[in-house]
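In what follows, a structure is listed as C-alpha cells, so that the remarks can point back to it.
On a predicted model such as this, the values are computed, not experimentally measured, just so you know. We name chains A, B, ... by the order of the sequence lines, and we start the count at 1 in each one.
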Amino acid sequence: MPELPEVEVVRSGIVSHALGRVIESVSVLDERSVRRSDGGSARFEALLPGLKIMDVARRGKYLWLLLGDSAGQLLDEALVVHLGMSGQVLFKTADFPPEKHLKIVLELGAAQESATQLRFIDQRIFGGMYIDTLVETTDSAGASVAAASRSELGAAVLPSSVAHIARDPLDPHFDVAAFRKKMLRTSSGIKRLLLDQSVISGVGNIYADEALWQAKLHYAKPARSVSAAPTRDLILAVQRVMEAALEAGGTSFDYLYVNVNGQSGYFDRSLNAYGQAGKPCKRCLANGISSIMVREPFMGRSSYRCPRCQRKPRGL
DNA sequence: AGCTTAACCTGAGAGC
DNA sequence: TGCTCTCAGGTTAAGC
C-alpha cells in the first residue's frame, strides 16, 4: 500500500511523537510481524527495552529508528519498519482497546500529554519490524569516500537489508544519470524500472501510473527507447507527484492507510490515472477531446492509462 | 545474469 | 445468506 509519500508521513509522525523517548517494554503479538528479525520475538523483546529513539530515517519505502543507549551513544543496530501493503503505525494510550490487527506494541517512557504506546498494526502481514545492523555504503556513486566528506558525496549509513535499495527521487543525492544508465541496460518496459526498488526507490503502483500519465508514456514502452529529455521529464513528474502527495498527507482509499494519529491523506482526489478506468482523461478533456482511461494488466497487477495520450508503442 | 511468476496474508466487493 | 472468484498501496525466493 504505502509508497514514499505515505511512508514519509509516518516517519515524520514518529519523529514528532517519539523522538528522545525511551522504549520501556515491547510485546510482539504475532511472530510473523518480526520474521525478518534475527532471533525472532525473543531477541526483539529483549534487546529494545532501555534504548532511546535518537532519530528516524527513511529511504524509499523503508524507515528505521536510530537507537541510543543510556549514555546517549548511538547503537550499530537500528529498528527497521516496513509497512508492506497494509502496515500502520499509531500512537495510542494504553487504555485504548487493541486494534483488530495489532501486531507489536512498544511502550514508551512518559512524556507530557502524549500517547505512551507505539503500535504496529498490519492486516496482511507483508510488512513488519526488525532489528538490523547499520552498514556504511557508497551507493552507486562509486569510489569509497573519506568520513569527513561522506554526507556531501552522498555516502550513507543504512540497515544492511536496505543497502541494495536505490536512492529515492526526493533524496538530494538521487542520480538521474545512474537511473538512465540502468534504463539502457535492460530490455524491460519503463514501468518495471520505476517499480524496481534497486533502480529508483519509493515508487509503487500509484505514483508510477501518475508519473507515466504526466510524462505521456506507455507503461510497456521499452526503457531503453526512452531518450534523455523524456527521462528527465519522467523523473520530474515522479518528484512533483510525490511532493504534491506529501503535501496532501498521502493517498488513502480506505482505513488501511492513515497517519500516526489515525487520519487519512486526501491525495486520492488529485489522482489523474490510478484507479481512473472508465473516466475521461483529464488532459484530453481540457483539450476538448474525449478519451476514456483504461485498466490493463501489467506485471501481474493493474496499470491505468489514457489510450490516446499514452499510446501503445509500435510492435507491442 | 536477467527476467518472470508464485508465494507470503487478510478482507472487501462482485456475481451467482 | 453464503459460496466462489477477483482484486488490493509490496517484496522475495525460486523458476526458466
Decide whether [X] and [Y] meet the rule of one side-chain donor and one side-chain acceptor closer than 3.5 Å.
{"X": "S33(A)", "Y": "D122(A)", "value": "no"}
{"X": "Q88(A)", "Y": "Y257(A)", "value": "no"}
{"X": "Y255(A)", "Y": "Q123(A)", "value": "yes"}
{"X": "K182(A)", "Y": "T186(A)", "value": "no"}
{"X": "E31(A)", "Y": "S41(A)", "value": "yes"}
{"X": "Y130(A)", "Y": "S161(A)", "value": "yes"}

*Please check if atom CD in E296(A) has more than 12 non-hydrogen atoms from other residues, nucleotides or ligands closer than 6.0 Å.*
yes
*May I ask you to check whether over 12 heavy atoms, not counting those of K221(A), lie within 6.0 Å of atom NZ?*
yes
Any base atoms under 4.0 Å from [X], or only sugar-phosphate, or nothing? Heavy atoms, all strands.
{"X": "Y207(A)", "answer": "nothing"}
{"X": "T186(A)", "answer": "sugar-phosphate"}
{"X": "G300(A)", "answer": "nothing"}
{"X": "R36(A)", "answer": "sugar-phosphate"}
{"X": "Y62(A)", "answer": "sugar-phosphate"}

Any Lys/Arg nitrogen of [X] or [Y] sitting under 4.0 Å from an Asp/Glu carboxylate oxygen of the other?
{"X": "D209(A)", "Y": "K191(A)", "result": "yes"}
{"X": "R240(A)", "Y": "E243(A)", "result": "no"}
{"X": "K61(A)", "Y": "E3(A)", "result": "no"}
{"X": "R58(A)", "Y": "D168(A)", "result": "yes"}

Give every pair of a protein N or O atom and an N or O atom of nucleotides 11-13 of chain B that lie under 3.5 Å apart, one pair per line with the distance.
unit_1: dG11(B); atom_1: OP1; unit_2: K100(A); atom_2: NZ; d: 3.1
unit_1: dG11(B); atom_1: OP1; unit_2: H101(A); atom_2: NE2; d: 3.2
unit_1: dG11(B); atom_1: O4'; unit_2: Q123(A); atom_2: OE1; d: 3.3

Heavy atoms from C-beta onward define the side chain here; which of [options] lies closest to that of [X]?
{"X": "I206(A)", "options": "dG9(C), dT11(C), dT4(B)", "value": "dG9(C)"}
{"X": "R32(A)", "options": "dG10(C), dC9(B), dG9(C)", "value": "dC9(B)"}
{"X": "E3(A)", "options": "dT4(B), dA8(C), dG9(C)", "value": "dG9(C)"}
{"X": "Y304(A)", "options": "dA8(C), dT4(B), dG9(C)", "value": "dA8(C)"}

What is the separation between atom [atom1] on [X] and atom [atom2] on [N], rounded to the nearest whole Å?
{"X": "R58(A)", "N": "dG10(C)", "atom1": "CZ", "atom2": "C1'", "value": "16 Å"}
{"X": "D122(A)", "N": "dA8(C)", "atom1": "CG", "atom2": "C1'", "value": "13 Å"}
{"X": "L83(A)", "N": "dC8(B)", "atom1": "CG", "atom2": "P", "value": "22 Å"}
{"X": "D254(A)", "N": "dT10(B)", "atom1": "CG", "atom2": "P", "value": "18 Å"}
{"X": "Q197(A)", "N": "dG9(C)", "atom1": "CD", "atom2": "P", "value": "14 Å"}
{"X": "M299(A)", "N": "dG9(C)", "atom1": "CE", "atom2": "P", "value": "12 Å"}
{"X": "R301(A)", "N": "dC7(C)", "atom1": "CZ", "atom2": "C1'", "value": "12 Å"}
{"X": "R192(A)", "N": "dC3(B)", "atom1": "CZ", "atom2": "C1'", "value": "7 Å"}

Using a cut-off of strictly less than 4.0 Å, decide whether [X] has a side-chain nitrogen or oxygen near OP1 or OP2 of [N].
{"X": "K61(A)", "N": "dG9(C)", "answer": "no"}
{"X": "R185(A)", "N": "dG2(B)", "answer": "no"}
{"X": "H82(A)", "N": "dT11(C)", "answer": "yes"}
{"X": "S86(A)", "N": "dA8(C)", "answer": "no"}
{"X": "H164(A)", "N": "dT12(C)", "answer": "yes"}

Taking N or O atoms only and anything under 3.5 Å, show me the protein contacts with nucleotides 13-16 of chain C, one pair per line.
none

*asked:* Does R305(A) qualify as a cation-pi partner of W213(A), given the criterion of NZ or CZ under 6.0 Å from the six-membered ring centre and within 45 degrees of its axis?
replied: no
_Between dA1(B) and dT11(C), how far apart are the two P atoms, rounded to whole Å?_
24 Å
_P-based separation of dC7(C) from dT5(B) [nearest Å]_ = 15 Å
_Test side chain to side chain contact (heavy atoms under 4.5 Å, CB included) applied to R32(A) - qualifying residues, sequence neighbours left out_ = D30(A), R35(A), K103(A), I125(A)
*Step by step, would you call E77(A) with R43(A) a salt bridge (Lys or Arg N to Asp or Glu O under 4.0 Å)?*
CA-CA 13 Å; E77(A) 289 191 294; R43(A) 181 166 186 267; 3.0 Å; yes
*Near-strand residues of residues 124-133 of chain A, defined as heavy-atom separation under 4.0 angstrom from DNA chain B*: R124(A), F126(A)
_What stems show up for DNA chain C when you take Watson-Crick pairs (N1-N3 plus N6-O4 or O6-N4) and G-U wobbles (N1-O2, O6-N3), both under 3.5 Å, and require three or more consecutive pairs?_
B:2-8 with C:10-16, B:10-16 with C:2-8
Under 3.5 Å, sequence neighbours excluded: what are the donor-acceptor pairs made by side chains of residues 260-280 of chain A?
unit_1: N261(A); atom_1: OD1; unit_2: H17(A); atom_2: NE2; d: 3.2
unit_1: Q263(A); atom_1: OE1; unit_2: N259(A); atom_2: ND2; d: 3.0
unit_1: Q276(A); atom_1: NE2; unit_2: Y274(A); atom_2: O; d: 3.0

